Amino acid sequence: MAKVFIYPATSLILSDLVARFGHKPLGAALGIRERIQTAGVDSPPLQITPEEPKRGLKYAAVEVPSGVRGRMAIYGPLIEESEAAIIVTDADLAFGCMGCARTDELILFSLRQKGMPILELKYPTNEEEGIQFVAAVRKFLDSLPKEEGEA
Amino acid sequence: MGEYRPDYVDTVTKYVFIESPSMTPGELALRAYEASEGVLIKETCFGLQVSGEPESVDRLIEEIRTFDPVHIFVKDRGFPPGDPRRCRANLGGARPGYLGHEREFRVLRYITRGLEELDRREEGAEVPEPAPPAREARQKLDIKRLQELIDTEES
Amino acid sequence: MNRKVRIAQLSCGPEYSGVQKEIYDAAESVGAEVFFPDIALADVERAVDAFGLDVRSADLKLMIARAMALVEGRVDADGVFISTCFRCAEAAIVRNELRRYIPEHSRLPVVSYSFTERTTAGTLLTRMEALTTIARRRALLAREEQTGITMGVDSGSSTTKAVVMKENEIVGTGWLPTTEVLKSADGAVAQALEMAGLTMDDIQAIGTTGYGRFLIGKHLGADLIQEELTVNSKGAVYLAGHQRGASTVIDIGGMDNKAISVIDGIPGTFTMGGICAGASGRFLEMTAKRLGVDITELGPLAMKGMGKNVPMNSYCIVFGTQSLVNALAAGSSPEDVAAAACHSVAEQVFEQQLQEIDIKEPVIMVGGTSLIEGLVYAMGQLLQTEIVVPRHSQYIGAVGSALLASGFIKGE
């Protein structure tokens with residue numbers, strides 16, 4: 001089972017397909033869940049404390065807005081952990097965790113920098129594209145190692 | 001600064017979306033309850049939220065998927081069901097993530113179609129891959145077309 | 001208990017900067033609740049088209065759509081809080097345009113703020129308080145005449161002012177530098193009462209404002225404890241005799257500056273702050289000290305000088321002071337240095353704050369610094385307008401408080 005970063009990280013479709021075809025989707029929910037289930041300073045709604053943008057300094061310099069650094073504190077570790085990625089390139093209406101275009105650019109750059117297998121594609125706009133979309137995702141996921149240590 | 005003590009530590013919550021002509025969210029919930037074995041199930045307008053220990057949730061999700069494989073979609077959720085921090089009533093409106101789901105609902109039927117087709121061709125023919133999204137999508141202007149444009153401008 | 005004031009939040013980033021709780025806390029402490037206008041995806045797509053500002057960030061698109069839902073009356077709110085990350089250019093454009101768009105198309109009061117992860121509820125409090133006051137106390141703010149005998153006390157960061165008013169006239173004033181908050185307030189109150197020839201027993205209602213408003217409000221048993229944004233707006237248009245219609249109020253304070261776009265005596269949009277004390281009265285105080293003159297002499301001195309002769313940029317108070325020292329060492333005249341300092345402070349306020357509100361004439365300058373004529377002149381030059389400095393402008397907060405406090409006289 002490979003850890004596959006999904007972009008947009010809030011995607012239902014990608015999260016579903018990656019899990020359906022036997023791999024582990026890495027998306028925003030995992031980062032948020034970790035924070036929601038960790039004791040500490042109360043910081044609703046997402047339990048992202050003012051410390052997180054400081055942790056985000058690992059991924060973006062201090063002159064980068066706090067919202068970018070705070071988001072990167074969620075995504076940075078997930079990107080580091082990922083072994084592959086599926087990117088939908090026209091995900092321009094993904095909000096909240098994905099709602100900042102500057103963060104999104106940095107996420108994409110970080111993913112492409114890793115030199116890991118990446119599938120980039122667009123949302124389908126008709127049935128034919130739907131068939132191609134699912135097939136491409138399936139084929140990509142099939143090419144990834146299923147078992148721990150498998151090449 | 002207030003202290004935060006989390007509820008439901010070491011649990012996972014997943015959304016189950018159903019977009020099916022043959023099964024309503026209510027029916028889905030009924031069948032899921034039968035298979036739940038202690039996993040918390042909450043019915044919603046789009047399907048369910050299931051919440052519990054990771055292994056139990058995974059087992060239940062696997063079961064639920066079999067009800068209608070190409071019309072059921074599953075996704076992780078960071079919050080437990082009914083969390084006041086994400087509740088529409090408390091926020092005054094839908095959390096931003098909901099609008100993102102709305103975006104993907106529009107194409108869900110194409111994904112369903114893709115899954116159906118994949119099943120059908122499981123043993124059979126190759127399905128053509130999508131062309132990679134072109135970074136240079138704009139085509140170069142044909143020289144004849146350019147001349148035409150110039151002519152229309154001048155006339 | 002009043003119904004909670006409902007403040008619509010239009011924002012990008014506070015949840016991810018760890019400051020959403022600070023926004024919640026600030027709202028709660030002034031009896032307000034923050035909510036997020038409910039819209040659908042189709043509204044977002046329609047709004048981006050209709051508004052015509054095609055930004056990349058989806059959360060900024062969401063802000064635009066929510067703003068349109070408010071303006072079109074599809075969602076009800078009492079006020080609007082617009083907030084985006086500090087240093088984000090894309091968000092700053094949206095923030096500015098929405099701050100302009102909402103008051104132009106609705107009666108909703110708007111406050112905007114760009115936060116960092118260090119932003120606290122305390123920083124947001126005055127702004128939230130002003131927002132809720134405008135929403136909740138429109139009737140109180142509609143008052144145009146002072147009645148009975150009332151007192152207003154303004155406990156500012158540099159000075160404490162007190163005013164006694166009787167039947168729409170200022171009959172007593174008091175002024176002291178703020179040292180110990182309560183002691184300074186008692187001193188200023190005593191001066192004002194003495195001048196009015198009255199005692200505390202004669203006072204029918206008291207209003208307090210400024211940084212020390214809660215402390216002195218409790219101490220004096222005030223009837224009205226109110227932040228300085230609404231109080232100063234009210235005081236300014238009252239003193240300037242311009243209670244109806246649009247105006248702009250500028251108050252360059254000892255610690256921060258206020259620029260308020262006022263309509264019928266009620267703040268519409270406003271900004272508060274300033275990056276550094278270099279853009280405040282504090283820098284002028286330092287300049288006066290360095291030149292060896294009293295702060296009251298700085299204005300006339302500046303009027304005799306030419307600011308252009310001295311390069312000075314008080315974006316930062318340290319660099320500003322350096323330019324000051326260098327200029328004097330290089331033989332610049334005190335007149336020119338004084339003029340340059342006034343120009344620099346005016347320029348900072350102009351660049352950092354006045355861009356964020358719509359300047360409508362008359363422009364009224366108030367607060368202690370409005371008595372520094374070199375500063376008023378420099379601001380007038382920058383805005384290309386004749387600036388109004390009403391009599392008693394240095395007592396602005398105290399006058400506004402005394403005026404509004406008369407709404408609390410028993411039997412009123």
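Sequence lines set the chain letters: A, B, ... in the order given, protein chains first and strands last, and positions in each chain run from 1. Just so you know, these numbers come straight off a predicted model, no measurement behind them.
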Need one label for B:Pro80: side chain, backbone, both or neither, based on atoms under 4.5 Å from any heavy atom in chain A.
side chain

Exactly one of A:Thr89, A:Val137, A:Ile87 should register a side-chain contact (heavy atoms from CB on, under 4.5 Å) with A:Leu121. Which one does?
A:Val137

Could you check if a side-chain atom of B:Lys42 sits within less than 4.5 angstrom of a side-chain atom of B:Ser51, using non-hydrogen atoms only?
no

Whether B:Arg103 engages the ring of A:Tyr123 as a cation-pi pair (distance to the six-membered ring centre under 6.0 angstrom, angle to the ring normal within 45°) should be assessed.
yes

Just give me the residue among A:Arg35, A:Glu127, A:Met98 that pairs up with chain B most often, heavy atom to heavy atom, under 4.5 Å.
A:Glu127

Side chain, backbone, both or neither: which part of A:Phe21 has a non-hydrogen atom closer than 4.5 Å to chain B?
side chain

With chain B, which of A:Val18, A:Leu14, A:Ile32 has the greatest number of heavy-atom pairs at distances under 4.5 Å?
A:Ile32

Residue B:Arg65 versus chain A: region with a heavy atom under 4.5 Å
side chain

Got more than 12 heavy atoms from elsewhere within 6.0 Å of CD, B:Glu53?
no

Is A:Ser43 in contact with chain B via its backbone, its side chain, both, or neither, using a 4.5 Å heavy-atom distance?
neither

Side chain / backbone / both / neither for B:Ile61 at chain A, heavy atoms under 4.5 Å
neither

Using non-hydrogen atoms and a 4.5 Å limit, figure out which bit of A:Leu30 sits close to chain B: side chain, backbone, both or neither.
side chain

Does any heavy atom of chain A fall under 4.5 Å from the side chain of B:Thr112, the backbone, both, or neither of them?
neither

Atom group of A:Arg20 that falls short of 4.5 Å from chain B, counting heavy atoms
both

Does A:Asp90, at its CG atom, have more than 12 non-hydrogen atoms belonging to other residues, nucleotides or ligands within less than 6.0 Å?
yes

In terms of heavy-atom pairs under 4.5 Å with chain B, the winner among A:Leu46, A:Val134, A:Leu12, A:Ile13 is A:Leu12

So which part of A:Gln47 gets closer than 4.5 Å to some heavy atom of chain B, the side chain, the backbone, both or neither?
side chain

Do A:Ile36 and B:Arg85 have side chains that approach each other closer than 4.5 Å (heavy atoms only, starting at C-beta)?
yes

Under 6.0 Å from the OH atom of B:Tyr4, do we count more than 12 heavy atoms belonging to anything else shown?
yes

Could you tell me if the side chain of A:Arg112 sits less than 4.5 Å from the side chain of A:Glu120, heavy atoms only?
yes

Any heavy-atom pair between the side chains of A:Arg33 and B:Asp76 that's under 4.5 Å?
yes

Examine whether an atom of B:Tyr15 lies under 4.5 Å from a heavy atom of chain A, and if so say whether it belongs to the side chain, the backbone or both; otherwise answer neither.
neither

Which residue out of A:Gly130, A:Gly40, A:Pro44, A:Ala39 racks up the most heavy-atom pairs below 4.5 Å with chain B?
A:Gly40

What residue, out of A:Pro45, A:Pro8, A:Ala28, A:Gly96, has the most heavy-atom pairs lying under 4.5 Å from chain B?
A:Pro45

Which atoms of A:Thr38 come close to chain B, meaning under 4.5 Å heavy atom to heavy atom: side chain ones, backbone ones, both, or neither?
backbone

Highest number of heavy-atom pairs under 4.5 Å with chain A among B:Glu102, B:Arg106, B:Arg86, B:Arg95 belongs to B:Arg86

Kindly assign one of parallel, tilted or perpendicular to the pair B:Phe17 and B:His101, based on the angle between their ring planes and the thresholds 30° and 60°.
perpendicular

Heavy-atom proximity to chain A below 4.5 Å, by part of B:Phe73:
both

Judged by modelled atom types alone, do A:Glu80 and A:Tyr59 share a side-chain donor-acceptor pair under 3.5 Å?
yes

